[in-house]
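Below: the structure, in structure tokens.
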Protein chains: 2
Amino acid sequence: MTQSTAVEPAFDRLLQVAVEVFAECGFREATVREICSRANVNVASVNYYFRSKEALYAQALAFAFREANRLYPLDAILDKGLPAEQRLTMFIGNFLHKLLDDSHLGLHSKLIAREIADPTKALDEIIETAIVPQFVLLVEIIQQILGASAEKLVVQRCLLSIFGQCLMFKHSRSIIDRLYPELIADESAIQASAEHIAQFSLAALARFAQQ
Amino acid sequence: MTQSTAVEPAFDRLLQVAVEVFAECGFREATVREICSRANVNVASVNYYFRSKEALYAQALAFAFREANRLYPLDAILDKGLPAEQRLTMFIGNFLHKLLDDSHLGLHSKLIAREIADPTKALDEIIETAIVPQFVLLVEIIQQILGASAEKLVVQRCLLSIFGQCLMFKHSRSIIDRLYPELIADESAIQASAEHIAQFSLAALARFAQQ
DNA sequence: GCTTGTATTAAACAGTTGTTTAAAATAATT
DNA sequence: AATTATTTTAAACAACTGTTTAATACAAGC
């Protein structure tokens with residue numbers, strides 16, 4: 001027992017701290033020394049347990065995904081028995097809370113958003129395991145609302161319209177913090193913002209469905 | 001004449017190359033040596049002409065803004081005589097083309113988007129000179145559509161809904177490139193995407209205006 | 001032609017980066 | 001208890017970072 005705080009094995013501490021630091025700084029700006037320092041392990045540990053900084057990053061991403069699915073399960077939204085409008089509202093609420101969760105375990109979205117905005121080699125796997133399933137789910141919901149006759153391109157553009165509204169709160173967080181902080185001040189404000197996006201999108205989709 | 005390619009003075013070349021490299025790599029990842037190498041000047045030139053790497057970045061940002069306003073003037077959109085719906089459509093078209101312009105002079109939006117996603121000290125000035133004026137313009141248009149009785153918070157959320165749809169194409173470009181490349185394949189595809197966003201938003205706003 | 005101020009250069013600086021090494025400490029196995 | 005395997009350590013590595021220096025080249029003004 002070299003470390004008094006070492007209740008968890010070094011490997012696990014390293015992985016958790018890595019998610020934190022990579023989320024804060026991004027892959028390139030994060031340093032192995034900072035990660036090791038926070039995890040109370042020697043600098044050489046990263047290369048001992050994980051082969052390299054890059055391999056640690058890949059494992060940290062995978063770990064963050066597992067946590068995201070554990071904390072924000074999509075179960076209810078997958079229920080095809082519910083009305084599509086309700087499922088869309090639930091989806092947006094779930095997604096926005098996921099994006100704006102600043103708790104110690106909510107760093108995964110920051111990590112993922114970083115990877116999207118500034119891709120590394122790990123992006124392709126992320127798209128496959130995290131993005132595509134969400135896209136597939138939302139495409140299904142949109143198609144249900146627009147009807148079977150909806151063009152594929154229209155469905156895709158509506159998908160981007162909805163995701164774009166949500167992601168605005170993550171990617172442009174720095175602007176919202178400065179100009180409209182009251183929109184994400186607390187839990188109820190976030191909920192209200194989610195409901196706005198749902199209403200805005202449902203209104204637009206309803207018009208598209210008429211045509 | 002030490003450099004055969006030195007048709008422009010070193011100062012100007014340095015500034016133009018800086019926009020390129022900072023847009024490609026971001027402030028932190030971009031290196032002074034890379035910038036100097038591409039500009040065919042000595043490593044010491046950055047500190048000679050500009051005080052530091054950070055000062056060069058600030059000047060590169062300012063330069064990028066001047067170029068953006070020169071290439072994509074908002075003149076027509078400022079005309080309050082036009083119908084608000086038409087102005088909104090024009091605004092979105094202008095904004096999306098600005099965001100997706102990949103030409104040699106269109107790097108400014110990449111630079112700005114980078115700064116938003118991963119702010120440096122320079123962000124506050126950017127918000128003041130580039131973001132706020134666009135927000136003010138769009139707020140005015142939205143208010144005109146929703147009517148004078150519209151709540152301030154609703155206007156703000158609609159603003160974010162519209163900006164979010166546009167910025168999706170910039171911030172999540174890496175995903176669109178992989179999953180829906182046909183949406184931004186060429187000029188006409190971009191125009192069609194812009195028109196979709198306009199229709200989507202106008203449909204939603206019309207519903208909001210009824211209430 | 002000489003002097004003055006500007007521009008450019010190669011070299012070095014001090015600091016940080018990811019990674020490796022080889023020795024020491026600890027744990028597990030026999 | 002002795003041997004083996006695993007973990008942890010401090011130190012060094014080579015490569016790279018932004019910045020500084022001091023010497024040189026060049027231009028304009030007198």
Side-chain angles (χ1 to χ4, degrees), chain A residues 1-61 63 111 114-115 118-122, chain B residues 1-61 63 111 114-115 118-122:
Chain A
M1 188 79 137
T2 29
Q3 302 293 338
S4 57
T5 55
V7 286
E8 283 182 295
F11 183 93
D12 296 335
R13 269 179 299 145
L14 220 32
L15 204 54
Q16 286 179 17
V17 170
V19 173
E20 280 180 36
V21 179
F22 282 132
E24 279 175 31
C25 314
F27 171 71
R28 298 168 172 100
E29 188 71 4
T31 72
V32 172
R33 279 173 174 81
E34 171 70 15
I35 294 170
C36 291
S37 168
R38 288 203 212 175
N40 279 320
V41 299
N42 189 271
V43 222
S45 299
V46 161
N47 298 80
Y48 179 74
Y49 285 109
F50 311 83
R51 196 179 65 261
S52 63
K53 180 191 181 185
E54 202 169 9
L56 170 62
Y57 180 69
Q59 292 220 32
L61 269 176
F63 177 71
L111 236 187
R114 260 191 189 286
E115 180 64 34
D118 201 8
T120 70
K121 290 180 192 169
Chain B
M1 189 82 135
T2 28
Q3 302 292 341
S4 59
T5 57
V7 286
E8 282 183 296
F11 183 91
D12 296 336
R13 269 178 298 145
L14 219 32
L15 204 53
Q16 284 179 18
V17 170
V19 173
E20 279 180 37
V21 178
F22 282 132
E24 280 176 30
C25 314
F27 171 71
R28 297 166 172 102
E29 188 72 5
T31 72
V32 172
R33 279 174 174 81
E34 171 70 15
I35 294 170
C36 291
S37 168
R38 288 204 212 174
N40 279 320
V41 298
N42 189 270
V43 222
S45 300
V46 162
N47 297 82
Y48 179 75
Y49 286 109
F50 310 84
R51 197 179 64 261
S52 63
K53 179 191 181 185
E54 202 168 10
L56 171 61
Y57 180 68
Q59 292 220 33
L61 269 176
F63 178 72
L111 237 188
R114 260 191 191 286
E115 180 64 34
D118 202 6
T120 70
K121 289 180 192 168

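Proteins get letters first, then strands, A, B, ... in listed order; numbering begins at 1 in each.
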Next item on the list: Using atom CG of B:L56 as one end and atom C1' of D:dT19 as the other, report the distance to the nearest whole Å.
Entry: 14 Å

Next item on the list: For B:Y48 and C:dG5, give me the distance from atom OH to atom P, rounded to whole Å.
Entry: 13 Å

Next item on the list: Check side chain to side chain contact (heavy atoms under 4.5 Å, CB included) between B:E54 and all other residues, then give those that pass, not counting sequence neighbours.
Entry: B:F27, B:S52, B:K121

Notebook entry, point to check: Are B:F22 and B:K53 side-chain neighbours, meaning at least one heavy-atom pair lies under 4.5 Å?
Noted result: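 In short, these two side chains touch, coming nearer than 4.5 Å.
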
Next item on the list: Flag the pair A:Y49 / A:L56 as yes when at least one side-chain heavy-atom distance between them is below 4.5 Å, and no otherwise.
Entry: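 No, every pair of side-chain atoms sits at 4.5 Å or beyond.
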
Next item on the list: Looking at every strand, decide which applies to B:Y49 at a 4.0 Å heavy-atom threshold: base, sugar-phosphate, or nothing.
Entry: sugar-phosphate

Check: How would nucleotides 11-23 of chain C be written as a contact map, 5' to 3', with B for base contact, S for sugar-phosphate-only contact and - for no contact, using protein heavy atoms under 4.0 Å?
Finding: -B----BBBBB--

Next item on the list: For A:R114 and A:A23, indicate whether the former's side chain and the latter's backbone hold a donor-acceptor pair under 3.5 Å.
Entry: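 Yes; judged by distance alone, with no hydrogens or angles, the pair exists.
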
Item checked: For the student: nearest non-hydrogen atoms of B:N47 and B:V43, plus distance -> OD1-O, 4.4 Å

